[in-house]
Structure formats: C-alpha cells, structure tokens
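The structure appears below as structure tokens.
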Amino acid sequence: MPARQRVLPTDRPRPVFSRLYARISEGMDAEGLGALRTELLAPLSGSVVEVGCGNGRNFTRYPAAVTGVTAVEPEPHLRGLATRAAAAAPVPVTVVAGTAEALPLPDGGADAAVLCLVLCSLPDRDRALAELTRVLRPGGTLAFLEHGLGPTRRVRAAQRLADATLWPLLAGGCHTAVDPVGSIQRAGFEVTTLRRLRFPDSRLTLPATPHVLGLARRPG
C-alpha cells in the first residue's frame, strides 16, 4: 500500500468511500466498465487533463497518440493509488493534487480533457466546466463518461429519492439526478458524439444505471 499522504488544503478526503471504491473498481471494469473506458479514451491525442482520476483505472487505456496526461485528484488515498498506477501507463502520466473547480493548470494548454464518473459528485459542476473551458485550447476535445438522469419519470423519481436519502453518503457525495449532457452544453461545449447506455447492463435499474458516453468540442 502507498504511504499515507499529507492532507492538503484543497483535498477532499473520503477515507471510507475511497477504500471501498478502490476494492470494487476492478470488478466494475471486469463487468464492462473497462471496455467503456477504452471507448472513451480511444479518440484522444496530444496533451490530456483527466479530472478526478480516482485510483487511476483509466491510465493503462490511453492510446499511443496521447503525448502526456495530467491527472488531478483531490482524495488523498485515491491519489496515492493513482500515483502507483501511473508507473504502469503506456503514456506519461503525472498525478497532481487539486480540485475540478480550481485546476492547477495553465490556460489553453491541453488538447483534450476527460471526465469519467466525476460530475455526479462535484459541489459546483458549472464552475468545474468553466475551468475545463479555461485549460482546453480552442477546439479542444472533452471526452465524458457519466451517469445521469433516467429515461422515465419513474426512474427519475427513484433518483431524486436516492439523492435525498442515503445515496450521497454511501457513494462519496454522488448524486444521480444530474444532467451531465445539459451541464456540458450550458458551459458552451458542442456535443459531437453521444451514446446513451446502461451500466451495469442488467435487468435491475439502479439510480446510477443510466449512463452517457460522448465527445464535446470547446468552441473557438
């Protein structure tokens, strides 16, 4: 296990959830999330910023066209695991502390950005997307894989109930009744590719089952 990390002022420690997520993420990838990660990252090239990289499960799936990844993670335990995972990545990956709402990156320096199961837990999605607009070059690509609003009123009602009760406490601040595509579009991005899917793809629909996977373009 990595050495215990010092908690920084911008950190958002979730000691219970971070350890639970680190244990279940391998099984989630085997269940199909791994293939979705590969699909998400395949179109990318150049310099990439990954927001909320977690324990680094995306790192081994970056294509050779990517010249480098700056991965931002505010949770100390997950950041330590991501730092270890970066050593096995096929492309250069640097893991840094920071939050989505205040990315420690210069203006317009990234060719692409990645949001993978992140928007649901952010305190200020609009501010985070404004930060991505800042660090992406004009015409840069935003790749996203997020869960969000269900397709029916019944599912959305269940999501609102989950968000108002135990779900955020059990799932690291996650909220299920969010509209990631709408948030991305309101931030000024042009969604160029979009696929709606279920994960896990089972008969039982949970609040976090509906997902979207796609690409968006920063104007300019």
Scan the side chains in residues 157-169 for donor-acceptor partners under 3.5 Å anywhere in the protein, sequence neighbours excluded, and list what turns up.
| residue | atom | partner | partner atom | Å |
| --- | --- | --- | --- | --- |
| Gln159 | OE1 | Gly150 | N | 3.0 |
| Gln159 | NE2 | Gly148 | O | 2.9 |
| Gln159 | NE2 | Pro207 | O | 2.8 |
| Asp163 | OD1 | Thr176 | N | 2.7 |
| Asp163 | OD1 | Thr176 | OG1 | 3.0 |
| Asp163 | OD2 | Thr176 | N | 3.2 |
| Asp163 | OD2 | Ala177 | N | 2.8 |
| Thr165 | OG1 | Leu161 | O | 2.8 |
| Thr165 | OG1 | Ala162 | O | 3.3 |

I'd like to know if Val66 and Leu136 are part of one continuous hydrophobic network [Ile/Leu/Val/Met/Phe/Trp/Tyr, side-chain heavy atoms within less than 4.5 Å].
no
What residue pairs, at least two apart or across chains, pass ring-ring contact (aromatic ring centres under 6.0 Å, His included) with a residue in residues 32-76?
none
Mind checking side-chain contact (heavy atoms from CB on, under 4.5 Å) for Thr99 and listing every partner two or more places apart, or none if nothing turns up?
Thr10, Arg12, Pro74, Glu101, Ala102
Which pairs count as ring-ring contact (aromatic ring centres under 6.0 Å, His included) when at least one residue sits in residues 94-152, sequence neighbours excluded?
His147-His211
Under the ring-ring contact (aromatic ring centres under 6.0 Å, His included) definition, can you give me all pairs with a residue in residues 106-126, not counting sequence neighbours?
none
By salt bridge (charged side-chain N to carboxylate O under 4.0 Å, His left out), which residues pair with Arg37, not counting sequence neighbours?
Asp29
Exercise: identify the closest heavy-atom pair between Asp11 and Arg79:
OD1-NH1, 3.0 Å
Do Ser183 and Asp126 get their side chains close enough for a donor-acceptor pair, meaning under 3.5 Å?
no
Any ring-ring contact (aromatic ring centres under 6.0 Å, His included) pairs touching residues 87-108, not counting sequence neighbours?
none
In chain order, what residues pass the side-chain contact (heavy atoms from CB on, under 4.5 Å) check against Ala112, with sequence neighbours excluded?
Leu44, Val48, Thr141
Determine whether Leu197 and Val212 satisfy the following criterion, side-chain contact (heavy atoms from CB on, under 4.5 Å), listing intermediate values before the conclusion.
CA-CA 6 Å; Leu197 57 102; Val212 290; over 6 Å; no
Hey, does Val135 have a side-chain heavy atom less than 4.5 Å from the side chain of Pro106?
no
Just verifying a value: how many Å separate Phe17 CZ and Ile24 CD1, rounded to the nearest 0.5 Å?
6.5 Å
Smallest heavy-atom separation, Ala187 atom then Thr133 atom, equals O-OG1, 4.0 Å
Of all the heavy-atom pairs spanning Ser121 and Gly172, show the shortest one and how long it is.
CB-O, 3.9 Å
Between the main-chain N or O of Gly173 and the side-chain N or O of His175, is there a donor-acceptor pair closer than 3.5 Å?
yes
Between Pro104 and Val72, is there a side-chain heavy-atom distance shorter than 4.5 Å?
yes
Under the rule for side-chain contact (heavy atoms from CB on, under 4.5 Å), what residues qualify as partners of Glu26, not counting sequence neighbours?
Arg57
Is there a side-chain contact between Val91 and Thr67 in this structure, where contact means two heavy atoms from C-beta onward sitting under 4.5 Å apart?
no
Grab the two heavy atoms, one from Glu131 and one from Leu103, that are nearest each other, plus how far apart they are.
OE1-N, 2.7 Å
Does the pair Thr70 and Glu50 meet the rule for a side-chain contact (heavy atoms from CB on, under 4.5 Å), with working shown?
CA-CA 6 Å; Thr70 300; Glu50 181 176 341; over 6 Å; no
Val49 reachable from Leu40 in the ILVMFWY side-chain graph, under 4.5 Å edges
no
Please report the interatomic distance CZ(Arg84) to CG(Leu81), rounded to the nearest 0.5 Å.
7.0 Å
Compare every heavy atom of Glu146 with every heavy atom of Cys120, then report the nearest pair and how far apart it is.
N-OE1, 4.0 Å
Scan for side-chain hydrogen bond (donor to acceptor under 3.5 Å, both in side chains) pairs involving residues 102-118, sequence neighbours excluded, and state none if there are none.
Ser47-Asp111, Asp107-Arg134, Asp111-Arg137
Starting at CG of Leu117, measure out to OH of Tyr21 and round the result to the nearest 0.5 Å.
6.0 Å
CG of Leu33 to CZ of Phe199, rounded to nearest 0.5 Å, is 4.5 Å
Any chance you could measure Arg156, atom CZ, to Leu149, atom CG, to the nearest 0.5 Å?
5.0 Å
Under 3.5 Å side-chain donor-acceptor pair for Thr192 and Arg217
no
Considering all heavy atoms, the nearest Gly54-Ala82 contact
O-CB, 3.4 Å
Output every pair passing salt bridge (Lys or Arg N to Asp or Glu O under 4.0 Å) with a member in residues 172-197, not counting sequence neighbours, ordered by first then second residue.
Glu39-Arg195
Contacts of type side-chain contact (heavy atoms from CB on, under 4.5 Å), residue Thr205, not counting sequence neighbours:
Val155, Arg198, Thr209
Linked, directly or transitively: Leu119 and Leu145 (ILVMFWY side chains, under 4.5 Å)
no
Is there side-chain contact between Leu41 and Pro63, with at least one heavy-atom pair below 4.5 Å?
yes
With rounding to the nearest 0.5 Å, note down the distance linking CG in Leu115 to CG in Leu129.
6.5 Å
Any Leu215 side-chain heavy atom under 4.5 Å of Val191 side chain
no
Should Asn55 and Ser25 be marked as a side-chain contact (heavy atoms from CB on, under 4.5 Å) after you check the CA-CA gap, both sets of side-chain angles, and the distance that decides it?
CA-CA 9 Å; Asn55 55 339; Ser25 58; 3.1 Å; yes
Leu206 and Met28: same hydrophobic cluster, using ILVMFWY side-chain contacts below 4.5 Å?
no
Under a 4.5 Å side-chain heavy-atom rule over Ile, Leu, Val, Met, Phe, Trp and Tyr, are Val178 and Ile184 clustered together?
no
